[in-house]
Structure formats: structure tokens, C-alpha cells
Protein chains: 2
Amino acid sequence: MSIDSQTAVVRRFNRSYTQRIGVLEDSFLGMGAPLGTMRLLFEIGTHAGTVADLRDRTGLDSGYVSRQLRRLTEDGLVSLTSDPADRRRRLVELTPLGRARWDELEARSAERARALLDPLTERQRDRLARALAEADLLVRSALVTFETVDPLSDGARAAVEQYVAELATFFPFDPGEPSEEDAAEFRPPSGRFVLAVDDGAPVACGGLRDLGDGVAEIKRMWVHPGWRGAGLASRLLRHLERTAADTGHTAVRLDTNENLKSAIAMYDHAGYHRIARYNDNPDATHFFEKPLT
Amino acid sequence: MSIDSQTAVVRRFNRSYTQRIGVLEDSFLGMGAPLGTMRLLFEIGTHAGTVADLRDRTGLDSGYVSRQLRRLTEDGLVSLTSDPADRRRRLVELTPLGRARWDELEARSAERARALLDPLTERQRDRLARALAEADLLVRSALVTFETVDPLSDGARAAVEQYVAELATFFPFDPGEPSEEDAAEFRPPSGRFVLAVDDGAPVACGGLRDLGDGVAEIKRMWVHPGWRGAGLASRLLRHLERTAADTGHTAVRLDTNENLKSAIAMYDHAGYHRIARYNDNPDATHFFEKPLT
DNA sequence: TCGATTCTCTGACTAAGGTCAGCTATATGT
DNA sequence: ACATATAGCTGACCTTAGTCAGAGAATCGA
């Protein structure tokens, strides 16, 4: 299928899906308060926090949010308390009444989704759910961005932690606390640490360090379990290769463990060839290299 | 998959798709005119016509549309001429300048769809396009409504015309002009003609007529070619059976031609059993019956 | 031909959504 | 202690989107 016909499919879908079904928005209507107010209530219920927090997430104006919050507190749906840590700040929370309204919003939204499925037969419902799940995974992965970050930044630490926890289920593995000298290897000029971010949350990572002789090594490559099967690993791998080339390397190496079957299959498929052991990593059983053009 | 987890999939998709991508709407922004005005421009460019026409399609207030049109004419994007057939009416058309703006909207919308596909690999793009095409077909088919109409109404005639044209590609078939006496069989009290409508356009049809002895016959069942594979035919068949039962019948019969393989497979699958020839239809080769519980 | 109806336009009005400058209270760096 | 910065609030103001009740012209039915 050409990119033009793919584009046409996306546009056609957009039209029939978003134009003809008042998808989420309408759930916020008819609740006795204007849409914007309800949207804010929904946002607070999803994640309480400070006013600034709320502004950041919604992208709304300070004055506007302030007024909406006043309305919500007057209606008894939201409570504002000053933050003991910094008394300029105000903490926003739902009251029990507000929580009840939030639940109602949730229920309406679910009802709306159900109304879409309702006229379909069981088989069609299943087909639709499968198609949307597949589309969801791909759409989300299209929106993932790769960022070069410091290996000791919060995001990087969170990702590596999950990577370590997961490896530990395959073989005994405990690299201890992340150290400053270890992190230095993954910093510029010769190293990099790349984080794949979806909506602010890290969903994949990978580090590059210099081995000398124009060779870079890929380490700590990990993809969030919920994101596998969408081709994110391949995209990350290609991104790391390009980054290695940009930092003046002519080849990349990596090692892995025989238990990580799908990783090995991916390296084979991505143009890596197997080489002899090039380090003394006791956990590694397979060693790969790929020349960078 | 249970209906609850299917609902969850739909909601999750809605969130990532509609909330995070400013799908179509945003294409209308930043064009120097407010969103509503641009939306109307888009609608006019898609299909020119009278003002009332435009109001019907958009569901907007008469005064509101009138004002928007004035703005668009002042900006030189739209031309208003009175309809020679009825000089109360006004015909709305895009000027060349308006057409240029419309093209720009189209281009933006296509660009937006492309931006979604762009970061993906060719294989992922293909998977996404396939998933969305499947979802589109199913979503649209969920929104199709069945209406009992007069067999000589515009919609019914349009559908039957397509049905006839299509049968004629399988074997010589020409029933001539639709006659009043022929139509009478498909009218209440004992007959019905059912039209499946998507967004105002007929996409499938089927007629019921009384054969006596509590038996109804299904005739002229047709599904638009673009709608096959979505289970619409099965839904229509079930709807016709229910209608036959509601009008006091205890069984339905139908005949078909050996060349219509998929129709025969569907009848077999839907609980019909083959019976001996029950009429002298020269085009029919296969005869079916199903008891109605 | 006359009254009713239809089609479009206009004026008056409203609510929602949003922007901006400035205010007060609190926190922070020197 | 002082200047400076930050968090949230308030008042004034604006545009957009939309509603409603007619007015005026054209058409239709009897």
C-alpha cells in the first residue's frame, strides 16, 4: 500500500470516527456545568496536585483555571488547601461529592463506548476491539519521541530500574546502585543515553558507550512490556545506530543472553552478525556487531 | 473477549487517538478565520448547494449560517446567487479564492494524517492502515440504521436499481421499470421494504412479501459492495426475519442463483435449509427456508 | 387573487472560553 | 534585611458560538 492510500485510510477513518461520534467530549455535557469546568473536574480526579500542576497538564491560562476552581469549590466538588511545603501553592483535590461526579463522568464515557459496540454481533465486536487495540499500539508508538538525556536523570533511572528488574527474572542479575563513574561512560562527548518517552513517561531506553577503534557499544536497551510488538525496539535500535554514527563511530557492538530469544531474533533481522566474545561480561552468551555505513 | 474488556479497548483508543491528536479540527485553525467559519467553508467546498442544504448538513441555526456566509462573501471566499428556479433560495458556491483556501484545508488535513504515519516503518504503516480500515468498516456498520420505507420511495428505488445492475452482471436480468402493483406486495400490512441507511445514503436493502400459510419471502436483498465483509448482510437478514415474525409469519423462504456463492454460504450459515423449488423464477437455482421461532 | 408558507436575512441577546495586567502573599538568594 | 522571583487570585476585557423573534421577499395552494 502506498503512503498516499495509507494517508487516505487514516483520513477516512478520522472522518467517520471523530466527526460522526461525539467521542469523549459529549460525556462532559449535560452535567449541569459547562464543558470546560467538567473537563477540569475530570483532570483533577485523574490526578490531584497543585494548581500549577493542573495548568501544566491542561495548558490553560492561570486566571481561567483560578476562576474554574472557584466555581468548582463553590459547588462543593473540589477542595483547595494550601501546600504545607510552600504556602504560596494550593493543593487541589476532589471532595467526596466531586468524586461522585467524576465517577458519573467515567460511567458516561464507558456507556458511550458501549453504545458503539452494542449494535454489533459478538464476532464483529471482537474484530473491532482487536483492530482498535492494534491501531492504538501503533498510533501511540508513532507519538513516542526519542530524547538524549543524562544517564542519572529521573527518567533514565526509572527506565534502567525496570530493565534491571526484568533481566533479574531471566538470570541472577544485580548491578547495584547506579554510580557516577558508570554513568560517565554514557555521557557526551563519546557516549549517549537515549530515552523513548510517551506522554512524559519513559517507555524504552538504550545507552551507547565508546569501546575505542571507532566502535560503540549498545547497553541497557529495554522496551516496556506493554509496548512490545509495535516495532518500537527496531526504531530505538536504528536511532541508536544513527546516534553512534553521528558521534564518529563506524561500527556498533552489543552482547546479550541466550534467554532473550526475541532480542536475538531482532538483532539477526536488523543486519547484525555474530562475533566472538569481546568482553568478560559473565551474563552474556551472544555477541553481535554491525558496521555503520 | 468480554464486552467489558472490549469497552475498555475502545475507551483506551479514544483517549490516545482523539485526546492526543488534534485530529481534524486543528486543521481548521490558524487560517486567519475562526474555526466555525472555516468549517462552513469546508462544507461548501465539499458540496455546493442552497443555504438550506448547508444548514441541513451542518445542523446550524439559520441566523448563524447567514452571518457566517456574509463574512465569507466579504472575504471573497464564497459567492451567493439567487436560485433561478426559486428566487427565495440562494445558491452558495466557492469563488476561485475560496477554492484555493479549501485546497489548503485539504492539504493540511492530509499532512496531519501523514504526520501520524511518518515516524513509522513501512511495515508498521501498513499494519496501521489495515487496522484503521477494518475499524472504519465496523464502526460505520455499527451506525447503520434499518428503516422500513415505501418500496417506491427514492431511497428504495436507488437501492433496487443498484441491486438489479449488479445481478445483471451475473446473468441476463431485466425486471423493467418498478410497477405500482409489484410495489404493493412489499407494503404493509403483510409486506415490508427495509432500507439500511448510513449517513442518509442507502447501503443495503431487502423486501418481505407474503406467500400465504404464514410464510414470508425475502426478495431483493442487496448490500453495497463497499460494505461487504462487515457483517451487514447478516444483520439485515436477522432484521428481516424479526420483521417477518412481527407480521405474523412462522417461516421465511428465499431463492437465489448458483452464481451468488457468498450469499448461499451466508444462508447456510444463518440456519436456512435447502428446499425444493417453490416458484417458477427462471433465474433461481437454489431455494431456502428457515422456521421462525 | 389572497392567505399561508417558505427561504433567507437582520437585530438583539446570551453563555462560554479565554487573555492580560496587576495585586497579594510567600519564598529564596545574597 | 532586602531585592527579586514565584504562586495564585481578581477585575476588565475580548472573541466565538449560538439562540430567538421577527421582517421582507418569493412561492404555493385553493
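Chain A is the first sequence line, chain B the second, and so forth, proteins listed ahead of strands; every chain is numbered from 1.
Between Asp61(B) atom CG and dT19(D) atom C1' there is a gap of 6 Å when expressed in whole angstrom units. dT16(D) atom P lies 15 Å from atom CG of Leu40(B), rounded to whole Å. One atom, OH of Tyr64(B), and another, P of dT15(D), lie 15 Å apart when rounded to the nearest Å. At whole-Å resolution of the value, CG in Leu60(B) and C1' in dT16(D) are 13 Å apart. Summarising the geometry, the separation between CZ on Arg71(B) and C1' on dT15(D) is reported as 10 Å, rounded to the nearest angstrom.
Of the two residues near DNA chain D, Val65(A) and Gly36(B), the one whose nearest nucleotide lies more 5' is Val65(A). Of the residues near DNA chain C, Gln68(A) and Leu69(B), the one whose nearest nucleotide (by heavy atom distance) lies more toward the 5' end is Leu69(B).
Residues Val92(A) and Ala48(A) share a closest heavy-atom pair of O-CB, 3.4 Å.
A distance of 9.5 Å separates OG of Ser79(B) from CD1 of Ile44(B), quoted to the nearest 0.5 Å. Here CG of Leu137(B) is found 8.5 Å from CZ of Arg140(B). Values are rounded to the nearest 0.5 Å.
Within the 4.0 angstrom heavy-atom criterion, only backbone atoms of the sugar-phosphate kind lie near Arg70(B); the bases stay farther away.
The pair Asp83(A)-Arg88(A) does not count as a salt bridge, with every side-chain nitrogen at least 4.0 angstrom from each carboxylate oxygen. Of the charged side-chain nitrogens involved, none lies within less than 4.0 Å of a carboxylate oxygen, so that Glu111(A) and Arg108(A) do not count as a salt-bridged pair. Asp4(B) and Arg114(A) are joined by a salt bridge, as a carboxylate oxygen and a charged side-chain nitrogen come within less than 4.0 angstrom of each other.
Which of dA12(D), dC9(C), dG18(D) sits closest to the side chain of Arg67(A) comes down to dA12(D). Comparing dT19(C), dG8(D), dC7(C) against the side chain of Arg89(B) picks out dC7(C) as the nearest. Out of dA17(D), dG17(C), dC9(C), the shortest distance to the side chain of Arg90(B) is found at dC9(C).
In this pair, Trp102(B) and Phe42(B) present their aromatic rings parallel. The plane angle is below 30°, not in the 30 to 60° band.
Within residues 50-59 of chain B, no residue is approached by DNA chain D to less than 4.0 Å at the level of any non-hydrogen atom.
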Inset, instruction - Encode nucleotides 22-30 of chain D as B, S and - characters from 5' to 3', where the letter depends on protein heavy atoms closer than 4.0 Å: B to the base, S only to sugar-phosphate, - to neither. - result: ---BBS---

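Here the options are Leu77(A), Val51(A), Leu41(A), the test is side chain to side chain contact (heavy atoms under 4.5 Å, CB included), and the partner is Leu69(A); only Val51(A) passes.
A donor and an acceptor atom, one from each side chain of Gln68(B) and Thr37(B), are located under 3.5 Å apart.
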